[in-house]
Amino acid sequence: MRNAVKKRCNYQVTVLILGICLMAMGCSEDGGEEPMVDDGPINMVPTISTISPTSGFIGTEVTISGTNFSTTNSENVISFNGTTTAPKSATTSRLVVDVPQNATSGVVSVTINGELANGPSFEVITANAFLCDESTISENTTWEDVASGDEIDYVVDCAISVVGNALLTIEPGVIIAFEGQDSGIFTSEGGGIKAIGTQENPIHFIGVNENRGVWKGIYFGSNHPENRLEHVTVRHAGRSTSGESNEKGAIQLNRREDSKASIVNCTIEENDGYGLVVTDE
C-alpha cells in the first residue's frame with residue numbers, strides 16, 4: 001500500500017514540474033507574454049516560360065505565361081527591352097499586355113516586389129502603317145518595296161477597298177502584314193489589284209503573327225482586266241466569313257459580280273477555311 005502511494009505522488013510532482021516549464025516558456029522575464037516574431041510575407045519569385053506571339057507591332061497583344069505573377073495588375077512591372085508597362089489582365093500564371101509605345105526589340109521581363117524574371121525576346125516590327133481613314137482607293141496607286149530584305153513594308157488593320165476602275169499595283173518584294181477581323185484588300189465597282197512578283201522576289205500577304213485567321217483575305221468583286229496575283233504568298237487569312245456565303249477563304253471571287261482574276265504561281269497556305277473560294281455573295 002505504501003509503494004502505491006509513493007508512485008502516485010511521484011506522478012503528480014512530474015506533472016507539476018512540466019506545467020511550470022510550459023508556463024516559463026510562454027512568459028518573459030517581466031511576467032508578460034513573449035512577442036511573436038513576424039518575418040513578413042515571403043516573396044514568391046516569378047518565372048516566365050513563354051510569350052506569344054514573339055514578334056509584332058506597337059500595340060500588339062502579348063500573352064506572358066509563367067508562375068507566381070501578382071493578380072493585381074499594377075504590381076506586375078513588365079519590360080520590353082527596358083520600356084515598362086502594366087498588364088491589361090493578370091492571373092498567377094498569365095499576363096496579357098499590349099506592346100507599349102517606344103518599345104524596342106529585346107528581352108521581355110516581369111518584376112514583382114523586387115523579384116525579376118527574364119523571358120524570351122520579343123521582336124518589335126516597324127513598318128509603314130496604312131492610314132485606315134483613307135481606306136478607299138479610287139485612283140491608281142502603287143505600293144513600293146520600301147523596307148530592306150525580309151522586313152515588312154506595310155501594316156494594314158482595316159478593309160481596303162479599291163473602287164472606281166482604280167488599280168492598286170503592288171511591286172515585287174513587297175511584304176504586307178494584316179491585322180484585324182475585317183482587314184484585307186477588296187475590289188468592287190471596277191477596281192483592281194495587280195500584284196506581280198517574281199520567283200526571286202515574291203510578294204507576301206501575311207498576318208502580324210503566325211496564327212491562322214489573323215486577317216480576312218483578298219477579295220475580287222470586280223472584272224478589272226488587270227486583276228492578277230503572280231508569285232504571291234498568302235498566309236494567316238480566313239478570320240471571318242464573307243457576306244451571306246458564310247465561307248472563310250484566303251482568296252475569294254464573287255460570282256454574282258462576274259469577278260475575275262488570274263492567279264499564277266501563288267502559294268496559299270496556313271489559312272483558316274478555304275485557300276480559294278468562289279462565292280455567290
Side-chain angles (χ1 to χ4, degrees), residues 50 52-57 59-63 96 125 127 129-130 132 135-137 143 150 152-163 168 170 174-197 202-224 226-281:
T50 61
S52 179
T54 56
S55 65
F57 307 93
T60 295
E61 183 179 276
V62 176
T63 298
V96 179
I125 299 172
F130 182 84
C132 282
S135 60
T136 299
I137 297 175
W143 287 3
D150 294 332
I152 293 171
D153 297 284
Y154 303 93
V155 180
V156 175
D157 62 1
C158 62
I160 297 175
S161 298
V162 187
V163 301
L168 172 60
I170 301 172
V174 169
I175 302 175
I176 305 172
F178 295 87
E179 180 178 28
Q181 177 173 321
D182 297 317
S183 63
I185 302 177
F186 308 84
T187 70
S188 62
E189 301 175 16
I193 304 171
K194 179 183 177 182
I196 301 177
I203 295 167
H204 294 274
F205 297 138
I206 61 175
V208 294
N209 60 61
E210 296 181 353
N211 296 323
R212 297 173 185 265
V214 176
W215 59 294
K216 190 165 185 175
I218 306 296
Y219 291 76
F220 292 97
S222 71
N223 57 5
H224 193 289
E226 295 193 69
N227 276 343
R228 187 178 184 88
L229 304 180
E230 184 172 351
H231 289 295
V232 171
T233 297
V234 181
R235 291 191 179 100
H236 317 135
R239 178 162 179 175
S240 57
T241 58
S242 176
E244 297 178 5
S245 69
N246 202 36
E247 299 289 355
K248 296 179 179 180
I251 301 174
Q252 294 197 20
L253 288 87
N254 189 317
R255 180 161 45 194
R256 190 171 69 177
E257 296 296 334
D258 194 26
S259 63
K260 64 180 182 181
S262 298
I263 302 174
V264 182
N265 293 324
C266 291
T267 300
I268 306 170
E269 61 184 5
E270 300 176 24
N271 299 286
D272 193 8
Y274 293 103
L276 177 63
V277 62
V278 177
T279 70
D280 291 323
E281 299 293 340

Notebook entry, point to check: Which class fits the ring pair Phe178 and Phe205: parallel under 30°, tilted 30 to 60°, perpendicular over 60°?
Noted result: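 Taking Phe205 first and then Phe178, their aromatic rings stand perpendicular (interplane angle over 60°).
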
Item checked: Closest approach of Cys158 to Ser135 (non-hydrogen atoms, all atoms of both residues) ->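 Looks like SG-CB, 4.0 Å.
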
Atom pair [atom1]/[atom2] of [X] and [Y] - distance to nearest 0.5 Å:
X	Y	atom1	atom2	answer
His231	Asn265	NE2	CG	4.5 Å
Ile263	Ile268	CD1	CD1	6.0 Å
Ser240	Asp272	OG	CG	10.0 Å
Leu229	Thr267	CG	OG1	11.5 Å
Phe220	Ser188	CZ	OG	12.5 Å
Trp215	Ile185	CH2	CD1	7.0 Å

Are side-chain heavy atoms of [X] and [Y] found at a separation under 4.5 Å?
X	Y	answer
Val234	Cys266	no
Ile137	Val163	no
Thr233	Ile203	no
Ile176	Trp143	yes
Thr60	Pro53	yes
Ile196	Arg228	yes
His204	Arg235	yes
Asn223	Ser259	no

Next item on the list: Show your working on side-chain contact (heavy atoms from CB on, under 4.5 Å) between Tyr219 and Gln252 and close with a plain yes or no.
Entry: CA-CA 5 Å; Tyr219 291 76; Gln252 294 197 20; 3.1 Å; yes

Margin query: List the residues meeting side-chain contact (heavy atoms from CB on, under 4.5 Å) with Glu226, not counting sequence neighbours, and say none if there are none.
Written below: Leu167, Lys194, His224

Check: Given the rule in the side-chain contact (heavy atoms from CB on, under 4.5 Å) test, do Ile152 and Val208 qualify, once you have shown the distances and angles that lead to the verdict?
Finding: CA-CA 10 Å; Ile152 293 171; Val208 294; over 6 Å; no

Next item on the list: Look at the side chain of Asn271 and the backbone N and O of Glu269, then say whether any donor-acceptor pair between them is shorter than 3.5 Å.
Entry: yes

Note to self: Using only atom types and a distance under 3.5 Å, with no angle test, would you say the side chain of His236 pairs donor to acceptor with the backbone of Gly207?
What the structure shows: yes

Next item on the list: Could you walk me through whether Phe186 and Lys216 pass side-chain contact (heavy atoms from CB on, under 4.5 Å), step by step?
Entry: CA-CA 10 Å; Phe186 308 84; Lys216 190 165 185 175; 4.0 Å; yes

Next item on the list: Identify, with sequence neighbours excluded, every residue that meets salt bridge (charged side-chain N to carboxylate O under 4.0 Å, His left out) alongside Glu189.
Entry: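 With sequence neighbours excluded, Glu189 shows a salt bridge (charged side-chain N to carboxylate O under 4.0 Å, His left out) to no residue whatsoever.
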
Margin query: For the residue pair Ser222 / Asn227, report whether a side-chain donor-acceptor contact shorter than 3.5 Å exists.
Written below: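 Yes, a side-chain donor-acceptor pair sits under 3.5 Å.
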
Margin query: If the condition is side chain to side chain donor-acceptor pair (under 3.5 Å), which residues does Asp157 pass it with, not counting sequence neighbours?
Written below: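 Partners of Asp157 by the side chain to side chain donor-acceptor pair (under 3.5 Å) criterion come out as none, since no residue qualifies.
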
